[in-house]
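Notes to accompany the following structure.
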Amino acid sequence: MKKTKMSADSGKAGILSFVHAADLHLDSPFTEISGIDPELGERLAKATFQSYEAIIELCIEEEVDFLLIAGDVYDSADKSLYAQVRFIEGLRKLEIAGIQVFICHGNHDPLEGWSASLTWPENVHIMSGDRAEVVKFKKDRENAAVIVGMSYPTRHIMKNLVKNFPKKEGNWPFTIGLLHCSVGSNPEHDPYAPCTLQDLRELNYDYWALGHIHTPSIVCKEAPIVIYPGNPQGRHFSENGARGCFVVDVSLGRDSSGRDISTRFIETDSVRWYIREISIEGLEKEGELIESLQSQLDEMRENSVGRSVICRFVLKGRGPLHHILRQEGFIEDLLRLLREGETWGRQFIWVERIEDDTLFPIEREILLKREDFVGDLVKIVEGLKTDENSRNEFHEVLSPLFGSRNGRKHISKIDDDEMNSLLQRAENILLDALLTEEDNEN
């Protein structure tokens with residue numbers, strides 16, 4: 001097993017301190033939003049670089065010993081020259097500050113991808129793709145940490161790379177595993193380099209610095225500490241909420257069992273994504289809805305601490321405003337009103353969409369008792385939502401649609417939650433067409 005050494009004489013006395021980041025995805029295109037507004041698209045194109053700059057500034061401000069990046073520095077294997085130059089510029093700032101950097105590559109930026117011929121700073125160590133590398137880190141001329149890591153040689157790594165990692169040796173100090181992988185199952189991400197928490201535990205490391213899962217999460221709080229920092233900048237509504245990285249401080253000492261380890265999540269995103277559900281229940285007039293939406297925007301602006309916001313409103317509940325929301329052009333006018341006057345300054349709030357998921361203001365339980373066409377309709381929908389046999393028969397009827405060659409190109413299978421939502425929306429459309437105001441009053 002090849003071992004290399006890196007050292008630093010800066011940082012906090014008596015403390016091993018590092019930043020754990022992952023999934024920078026520099027130069028992500030944000031294509032969906034830029035198609036709506038070119039100026040907004042231009043601002044978003046800078047967002048991943050701004051979050052990276054925030055990580056560099058954090059490392060310098062915290063006087064950490066090193067930065068760990070657990071894969072997917074870039075958004076694709078054919079990374080742009082611009083992204084590569086900007087990435088190295090940040091690493092050079094850390095070199096001047098005496099901060100080391102350890103990088104492993106993941107499925108989006110495998111080692112086989114194209115790279116420009118650029119000069120790398122001497123403070124950077126990129127993990128090999130053919131073996132797990134063991135790098136000893138010295139602080140004040142003492143062994144302070146061991147970082148064991150491995151990069152993806154190619155994009156599609158479906159084998160357990162943890163099996164290539166050596167067990168912690170008795171004389172090793174604080175030991176960190178650096179890897180881009182999937183621990184357990186996560187339906188939102190492809191299972192690259194899949195492993196189990198038990199696989200990690202068996203190696204007796206102290207900390208696992210992982211990447212690949214974009215939602216920040218502490219998988220294990222006790223030895224070994226296992227953390228996904230998530231991506232430092234959300235790129236769409238599935239990556240909503242706070243995004244950032246972790247600062248880790250470890251008290252140095254010979255007795256590893258008595259070490260104090262603290263972890264802090266630090267927000268680094270410059271643009272934050274929100275999905276807010278607004279109930280129309282209790283709202284009688286259009287002005288009340290506008291006030292409610294504007295109040296949400298004011299709250300987001302106040303709580304975003306200077307960062308910009310992209311939000312989506314989902315209108316829910318039953319009420320008289322449902323009829324108004326269904327009128328042609330009303331949602332578009334409402335959206336234009338909320339966007340009006342917004343400028344692309346340092347902080348902006350952009351309402352991307354308003355979804356109408358409201359319901360006809362009726363008592364559905366009463367409709368279920370009706371002995372007419374409307375009653376039959378509601379009973380059919382209710383059966384499809386609650387009766388397993390009816391649901392299975394319905395799926396069987398739809399199976400040719402999802403199983404055909406042309407169908408697979410455009411649609412994916414629908415789970416029960418999505419099916420219930422579609423059934424409810426279909427019922428709402430039909431009830432809107434069939435029921436009159438007189439029916440509603442009765």
Side-chain angles (χ1 to χ4, degrees), residues 158 182-192 194-198 212-215 217 219 228 236-241 274-282 312-323 325-326 353-436 439-440 442:
M158 299 301 178
S182 303
V183 178
S185 60
N186 188 312
E188 296 180 2
H189 292 271
D190 293 325
Y192 287 113
C195 64
T196 66
L197 182 57
Q198 184 59 31
H212 185 49
I213 306 302
H214 287 188
T215 302
S217 61
V219 179
Y228 284 107
H236 43 70
F237 283 101
S238 295
E239 297 176 350
N240 58 75
Y274 285 105
I275 300 177
R276 289 287 176 89
E277 293 187 357
I278 308 294
S279 175
I280 67 167
E281 293 182 10
R312 176 182 296 170
F313 287 122
V314 181
L315 304 181
K316 295 275 192 178
R318 293 187 183 274
L321 285 179
H322 171 75
H323 298 287
L325 291 168
R326 300 284 296 177
R353 186 188 307 173
I354 300 175
E355 292 185 358
D356 177 21
D357 202 15
T358 59
L359 302 173
F360 197 86
I362 55 175
E363 291 293 335
R364 193 165 182 274
E365 291 74 16
I366 295 177
L367 295 184
L368 283 169
K369 298 176 181 178
R370 286 176 54 161
E371 298 295 333
D372 58 6
F373 182 77
V374 170
D376 290 342
L377 168 65
V378 178
K379 290 184 181 70
I380 290 171
V381 173
E382 186 68 16
L384 291 173
K385 291 169 63 177
T386 60
D387 183 73
E388 186 175 353
N389 291 332
S390 297
R391 173 64 64 86
N392 290 338
E393 290 177 3
F394 191 49
H395 275 295
E396 189 174 341
V397 171
L398 294 176
S399 60
L401 178 64
F402 297 99
S404 68
R405 180 182 299 178
N406 290 331
R408 289 196 301 268
K409 292 180 180 178
H410 304 287
I411 56 176
S412 57
K413 290 186 177 180
I414 299 175
D415 60 25
D416 286 345
D417 289 339
E418 187 175 4
M419 179 63 76
N420 285 342
S421 177
L422 290 173
L423 287 169
Q424 188 60 62
R425 289 171 63 184
E427 180 187 279
N428 292 338
I429 292 171
L430 291 170
L431 290 178
D432 280 347
L434 294 169
L435 293 177
T436 64
D439 292 320
N440 183 37
N442 295 331

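In what follows, every heavy atom counts, from backbone to side chain, and hydrogens, waters and symmetry copies are set aside. All values reported here derive from a predicted model rather than from experimental measurement.
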(message) Is it the case that over 12 heavy atoms from other parts of the model lie below 6.0 angstrom from the CD atom of E396?
(response) no
Side chain proximity check, [X] to [Y], heavy atoms < 4.5 angstrom:
X: T358; Y: L321; result: no
X: M158; Y: Y192; result: yes
X: Y228; Y: T215; result: no
X: R370; Y: L377; result: no

(message) One pair to check against side-chain contact (heavy atoms from CB on, under 4.5 Å): L359 and E281. What are the steps and the verdict?
(response) CA-CA 10 Å; L359 302 173; E281 293 182 10; over 6 Å; no
(request) Could you pull out all residues at least two apart from Y274 that satisfy ring pair (Phe, Tyr, Trp, His ring centres under 6.0 Å)? (result)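 Y274: no ring pair (Phe, Tyr, Trp, His ring centres under 6.0 Å) contacts found.
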(request) Run the numbers on L431 and L367 for side-chain contact (heavy atoms from CB on, under 4.5 Å), then give the verdict. (result) CA-CA 10 Å; L431 290 178; L367 295 184; 4.0 Å; yes
What is the distance from atom [atom1] of [X] to atom [atom2] of [Y], rounded to the nearest 0.5 Å?
X: R391; Y: N420; atom1: CZ; atom2: CG; value: 4.5 Å
X: R312; Y: I354; atom1: CZ; atom2: CD1; value: 11.5 Å
X: E388; Y: E393; atom1: CD; atom2: CD; value: 11.5 Å
X: L368; Y: D376; atom1: CG; atom2: CG; value: 11.0 Å
X: E382; Y: K385; atom1: CD; atom2: NZ; value: 6.0 Å

May I ask you to decide if [Y]'s main-chain N or O and [X]'s side chain share a donor-acceptor pair within less than 3.5 Å?
X: H212; Y: V183; answer: no
X: K316; Y: D357; answer: no
X: N392; Y: N389; answer: no

(request) Evaluate the criterion side-chain contact (heavy atoms from CB on, under 4.5 Å) for residue pair L430 and V381; output intermediate values, then yes/no. (result) CA-CA 11 Å; L430 291 170; V381 173; over 6 Å; no
(request) Using only heavy-atom distances, determine whether the side chains of N428 and R318 contain a donor-acceptor pair under 3.5 Å. (result)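 Their side chains do not contain a donor-acceptor pair, so the 3.5 Å distance test is not met.
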(message) Using the side chain to side chain contact (heavy atoms under 4.5 Å, CB included) criterion, which residues pair with L384? Sequence neighbours excluded.
(response)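 Applying side chain to side chain contact (heavy atoms under 4.5 Å, CB included) to L384 gives I380, S390, F394, L423.
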(request) Quick one: closest heavy-atom pair of S279 and G317, and the distance? (result) OG-CA, 4.4 Å
(request) Could you give me the CA-CA distance, side-chain angles and deciding distance for I429 and R326, then say whether side-chain contact (heavy atoms from CB on, under 4.5 Å) is met? (result) CA-CA 10 Å; I429 292 171; R326 300 284 296 177; 3.8 Å; yes
